[in-house]
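What follows is a short report on a single structure.
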Amino acid sequence: MLGYAFYESDTRILQYATALRQRGDIVDVVALKRNDPQPDFEIINGVNVYRIQSRTVNEKGLFTYASRILRFLLRSTLFLRRKQRLHAYDVVHVHNVPDFLVFGAAFPKWQGVPVILDIHDLLPEFYASKFKISPTSLLFKVLTFVERCSAAFATHVIIANHLWHDRLVARSSRPEKCSVVRNHPDLAIFIEQAAEERRTGEAFRLTYPGSLNGHQGLDVAIRAFARIASEIPKAEFHIYGEGPAKPSLITLANELKMEGRVVFHDFLPSREIARIMAATHLAIEPKRATSAFGNEALSTKILEFMALGVPVIASKTRIHAYYYDDSIIQYYENDDETQLAEQILRLTHDPDLCRRLVSNAKQYVRENNWDARKHEYLGLVDSLVARSVRA
């Protein structure tokens, strides 16, 4: 597994690696290291984790972002070349962002090892959102070209949702080379936490865990909370995560005199954040519907909150509406902070509605969780390995 990510906080990579290890495979993960003390090498639940580069999530410009990724690409290319010589891999699974990180597996690919490119986010749309790039710009076209080259290099491409699958197939690949693996909650983590945690104490907790970028719409959520904070005096809005929007969000909360009511925290590993989520009364997923990227980026945390029995208020983006109807999520539309504030009040004062949402959501999760779906991924890996052996 190769990813420009923090392994302990990336649920998608964690699930893949753990599923492979649990059935007896040897799994190496090549990832990032936080600036706080972390070992360069660690074994986590049987998975060998190699942290080859430190990262602070504070990139404000495209050059800074790109230079760090290019350095990681060079290091990972050399690392995989050395590891491939020591013990040949059966398959290399590379995670974007960026797409071109797949070329870090050039040496194993040259030796006949199948390479999976896992599209967590569509790179042209992601960068357009992050750095305000027009879809008609030269840079957007260059990123689309890079996507096409990366998909062509990979043996197989996995995409995180069906909307992005259709777009990627239309512009960069072939249907038979691509498949969808959604982000599904691992019930081993979340059901365990739901059983252990109790929502106690005087404070009524609203929670958002995730990255802090403009397309996430946290400014809308903070303004909505500020509108109704006086009507729910014991309510607190806790935001867990890192990202370039964090300083401006803290400034916004202070300007709205929400110090102590809107509380910011750093990223936490998956099992720790699961405990926090389980102690939540109400989950907020405010992804910006007016952002081309946010409108199609599927939240992992929605399903995780559902598994924990926490009611969810979410922006009615195109991708959310594709997968979830309003019997399991309380929606607001058009990034409207007034609507979001009204929905917060509604769920705060209507426990029967909360129970209905939770009941319907739990049924959905029973049919859409990692245990029920991981055989699709494992089958794909086995088929690629078998094909390379025959070749």
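Keep in mind the model is a prediction, meaning the values are calculated, not measured.
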**OP:** May I ask you to test the Asp118-Val94 pair for a side-chain heavy-atom distance under 4.5 Å?
**Re:** no

Original post:
Taking side chain as C-beta onward, heavy atoms only, is Ile116 less than 4.5 Å from Val381?
Top reply: yes

Subject >> ring-ring contact (aromatic ring centres under 6.0 Å, His included) between Tyr240 and Phe267, worked out >> reply: CA-CA 6 Å; Tyr240 292 81; Phe267 261 133; 9.6 Å; no

Original post:
Would you say the side chains of Asp335 and Thr290 form a donor-acceptor pair under 3.5 Å?
Top reply: yes

**OP:** Verify salt bridge (charged side-chain N to carboxylate O under 4.0 Å, His left out) between Arg34 and Glu242, making sure each step is shown before the conclusion.
**Re:** CA-CA 12 Å; Arg34 296 186 186 278; Glu242 299 168 357; 3.3 Å; yes

Original post:
Of the options Tyr127, Phe140, Trp164, which is the one that meets Phe293 in a ring-ring contact (aromatic ring centres under 6.0 Å, His included)?
Top reply: Trp164

Original post:
Do Ile319 and Ile328 share a hydrophobic cluster, counting only Ile, Leu, Val, Met, Phe, Trp and Tyr and linking them when any side-chain heavy atoms are less than 4.5 Å apart?
Top reply: yes

Original post:
Same cluster or not: are Leu256 and Leu206 linked, directly or through other Ile, Leu, Val, Met, Phe, Trp or Tyr residues, by side-chain heavy atoms under 4.5 angstrom apart?
Top reply: yes

**OP:** Please determine which of Asn213, Leu249, Leu252 meets the side chain to side chain contact (heavy atoms under 4.5 Å, CB included) test together with Leu218.
**Re:** Leu249

**OP:** Step by step, work out the side chain to side chain contact (heavy atoms under 4.5 Å, CB included) result for His184 and Asn368.
**Re:** CA-CA 7 Å; His184 295 291; Asn368 294 276; 4.1 Å; yes

**OP:** Spell out, yes or no, whether Phe305 and Val358 are grouped together once hydrophobic residues are joined by side-chain heavy atoms under 4.5 Å, including indirect joins.
**Re:** no

**OP:** Indicate yes or no: does Asp350 engage Arg355 in a salt bridge with an N to O separation below 4.0 Å.
**Re:** no

Subject >> Side chain proximity check, Ser299 to Lys287, heavy atoms < 4.5 angstrom >> reply: yes

**OP:** Taking the side chain as every heavy atom from C-beta outward, state whether Ile329 and Leu357 have any pair of such atoms under 4.5 Å apart.
**Re:** no

**OP:** In sequence, state the C-alpha distance, the side-chain angles, and the governing distance for Leu101 and Leu2, and then conclude on side chain to side chain contact (heavy atoms under 4.5 Å, CB included).
**Re:** CA-CA 8 Å; Leu101 190 58; Leu2 171 63; 4.0 Å; yes

Original post:
Side chains of Gln330 and Pro311: closer than 4.5 Å at any heavy-atom pair?
Top reply: no

Original post:
Roughly how far, to the nearest 0.5 Å, is CZ of Arg261 from CD1 of Ile222?
Top reply: 13.5 Å

Original post:
Heavy atoms, side chains only, cut-off 4.5 Å: are Ser54 and Leu32 in contact?
Top reply: no

**OP:** Using atom types as modelled and distance alone, determine if a side-chain donor or acceptor of Ser76 lies under 3.5 Å from a backbone N or O of Leu73.
**Re:** yes

Original post:
Taking atom CZ of Arg51 and atom CG of Asp40, what is their separation to the nearest 0.5 Å?
Top reply: 8.5 Å

Original post:
Atom CD1 in Ile44, atom OH in Tyr7: separation rounded to 0.5 Å?
Top reply: 6.0 Å

Subject >> Side chain proximity check, Leu80 to Phe107, heavy atoms < 4.5 angstrom >> reply: no

Subject >> Co-membership, hydrophobic cluster, residues Ile344 and Phe237, 4.5 Å side-chain >> reply: yes

Original post:
How many angstroms lie between CE in Met306 and CG in Asn369, if you round to the nearest 0.5 Å?
Top reply: 13.0 Å

Subject >> Where at least one partner belongs to residues 354-391, residue pairs that pass ring pair (Phe, Tyr, Trp, His ring centres under 6.0 Å), sequence neighbours excluded >> reply: Tyr16-Trp370, Tyr16-Tyr377, His93-Tyr377, Tyr324-Tyr364

Original post:
How about Phe153 and Phe103: are their ring centres within less than 6.0 Å of each other?
Top reply: yes

Subject >> is_close_aromatic(Tyr89, His87), centroid dist under 6.0 Å >> reply: yes

Original post:
Can you find a pair of side-chain heavy atoms, one from Lys301 and one from Thr11, that are under 4.5 Å apart?
Top reply: yes

Original post:
Regarding Ser134 and Thr136, is there a side-chain donor-to-acceptor distance under 3.5 Å anywhere?
Top reply: yes

Original post:
Restricting to pairs with a member in residues 170-181, which pass side chain to side chain donor-acceptor pair (under 3.5 Å), not counting sequence neighbours?
Top reply: Glu125-Arg171, Glu147-Arg171, Glu147-Ser172, His156-Ser179, Arg174-Glu176

Subject >> Inter- and intrachain pairs under salt bridge (charged side-chain N to carboxylate O under 4.0 Å, His left out), touching residues 210-227, at least two apart >> reply: Asp219-Arg288, Arg227-Glu337

Original post:
Should Val180 and Tyr322 be regarded as members of a common hydrophobic cluster, given that ILVMFWY residues are connected when their side-chain heavy atoms come within less than 4.5 Å of each other, either directly or indirectly?
Top reply: no

